[in-house]
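Naming: A, B, ... by sequence-line order, numbering from 1 per chain.
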2 protein chains.
Amino acid sequence: MDQLDIKILNALQDDASLSIQDIANKVGLSSNPCWRRIKKLEDDGVIAKRVALIDPNLVNLGVTVFVFLKTENHSKSWLDMFSRSVAAIDEIVECHRLSGANDYLLKIQVSSIDHYDSVYKKLVESVTGLTDVSSSFSMEKVKYSTSLKL
Amino acid sequence: MDQLDIKILNALQDDASLSIQDIANKVGLSSNPCWRRIKKLEDDGVIAKRVALIDPNLVNLGVTVFVFLKTENHSKSWLDMFSRSVAAIDEIVECHRLSGANDYLLKIQVSSIDHYDSVYKKLVESVTGLTDVSSSFSMEKVKYSTSLKL
DNA sequence: GATGAAAGCTGCTGTCC
DNA sequence: GGACAGCAGCTTTCATC
């Protein structure tokens, strides 16, 4: 992966709808080698996938909630169960196991406080052994990006 | 936005490299009306953008850190300054102003603990008035998705 | 060993029904 | 919403440095 690949990745991270010609012009290559580099980056898995990002406010999912969980159970089987429950709840868009005071962090996209409450109920019904569930609402998205600094 | 639009959006959220023909087949439409619906969803801003997602592990940015901030200054001008500083640090991929015990939550992608430390230093140098900076490392990505539940 | 030019062909975009 | 036509852009092959 050289400078040209990084330029290509930066262009595609920012806008995956660009034509190969557009990208080739941006990075100073003709379209054929540019296409081959992109194909290699896809084959190698560096470009994991291409997705469309939807404006949450326009589909009535403009409320982001972060939920911090603590559990009394740290077994592998509990994590498996927890993992399946989290995967089954569509409103949960991210879940991380953390170091530090909290065991897990969830990021949730919902339409309203009531909607969040229904997700909360789904969660505590399907997951046993939680000793703490505390939530913070996002008041303002100061920054949001899916681009990595290469 | 009817059921067909939702089907189209779900397909594109999952894989934006699908051809219009592919999507048309999936949702049971011929290609032209399918294309017109996609164009309208783009023009309306429902489809905000199309991006390539890069595998963080393959570009040496596999370490995710969450940072919780508290500030003693809650003025508009402080937020403006803070916002600019956050925007200037590429490793910070998300920043939310929160309700609850912490004022701000950052999500950071770095290569190592040392790399995180350099981001930490950049942050505390460029932002004054922080009274608490505590970080948690993500040990495991239990779930990650950019798709919204429509 | 990678780039550039050119050809074929798939699939996008616009008009008409 | 569907059918069709024109055309832009993707993908492949071949020659070149």
Nearest-Å distance for atom pair CG/P, residues A:N25 and D:dG9: 11 Å

Which part of the nucleic acid, if any, lies within reach of A:L18 when heavy atoms closer than 4.0 Å are counted: base, sugar-phosphate only, or nothing? nothing

Report the distance from atom NZ of B:K39 to atom C1' of C:dT13, rounded to the nearest whole Å. 9 Å

Starting from P on C:dT13, measure out to CD on B:E42 and report it in whole angstrom. 8 Å

Go through D:dC10, C:dC12, C:dT15 for me and flag the one nearest to the B:N32 side chain. C:dT15

Nucleotide C:dA2, atom P - distance to CD1 of A:I8 in whole Å: 13 Å

State whether B:E94 and A:K141 are salt-bridged, where the test is any N-O pair (Lys NZ or Arg NE/NH1/NH2 against Asp/Glu carboxylate O) under 4.0 Å. no

Do the side-chain N or O atoms of B:W35 get closer than 4.0 angstrom to the phosphate oxygens (OP1, OP2) of C:dC12? no

Roughly how many Å is it from CD1 in A:I20 to P in C:dC12, rounded to a whole number? 14 Å

Consider the side chain of B:S30, meaning its heavy atoms from C-beta on, and name the nucleotide among C:dG14, D:dG2, D:dT12 that approaches it most closely. D:dG2

Counting side-chain heavy atoms from CB outward, which of C:dC12, D:dC10, D:dG1 is closest to B:R36? D:dG1

Distance in angstrom units between A:D43 CG and D:dT11 P, rounded: 11 Å

For A:Q21 and C:dC12, what is the distance between atoms CD and P respectively, to the nearest whole Å? 17 Å

Does A:R37 make a side-chain N or O approach to OP1 or OP2 of C:dA2 shorter than 4.0 Å? no

Is the number of heavy atoms from other residues, nucleotides or ligands under 6.0 Å of B:F137 CZ greater than 12? yes

Can you measure A:I23 atom CD1 to D:dC10 atom C1' for me and round it to whole angstrom units? 12 Å

Quick one: which of C:dG14, D:dG2, C:dC12 gets closest to the side chain of B:L29? D:dG2

B:S19 side chain, from C-beta outward: closest of D:dG2, D:dT12, C:dC12: C:dC12

Would you call A:K39 and A:D43 a salt bridge, taking side-chain N to carboxylate O under 4.0 Å as the test? yes

So, do A:I54 and B:L9 sit near enough that their side-chain heavy atoms are less than 4.5 Å apart? yes

Look at the side chain of B:D44 and the backbone N and O of B:V46, then say whether any donor-acceptor pair between them is shorter than 3.5 Å. no

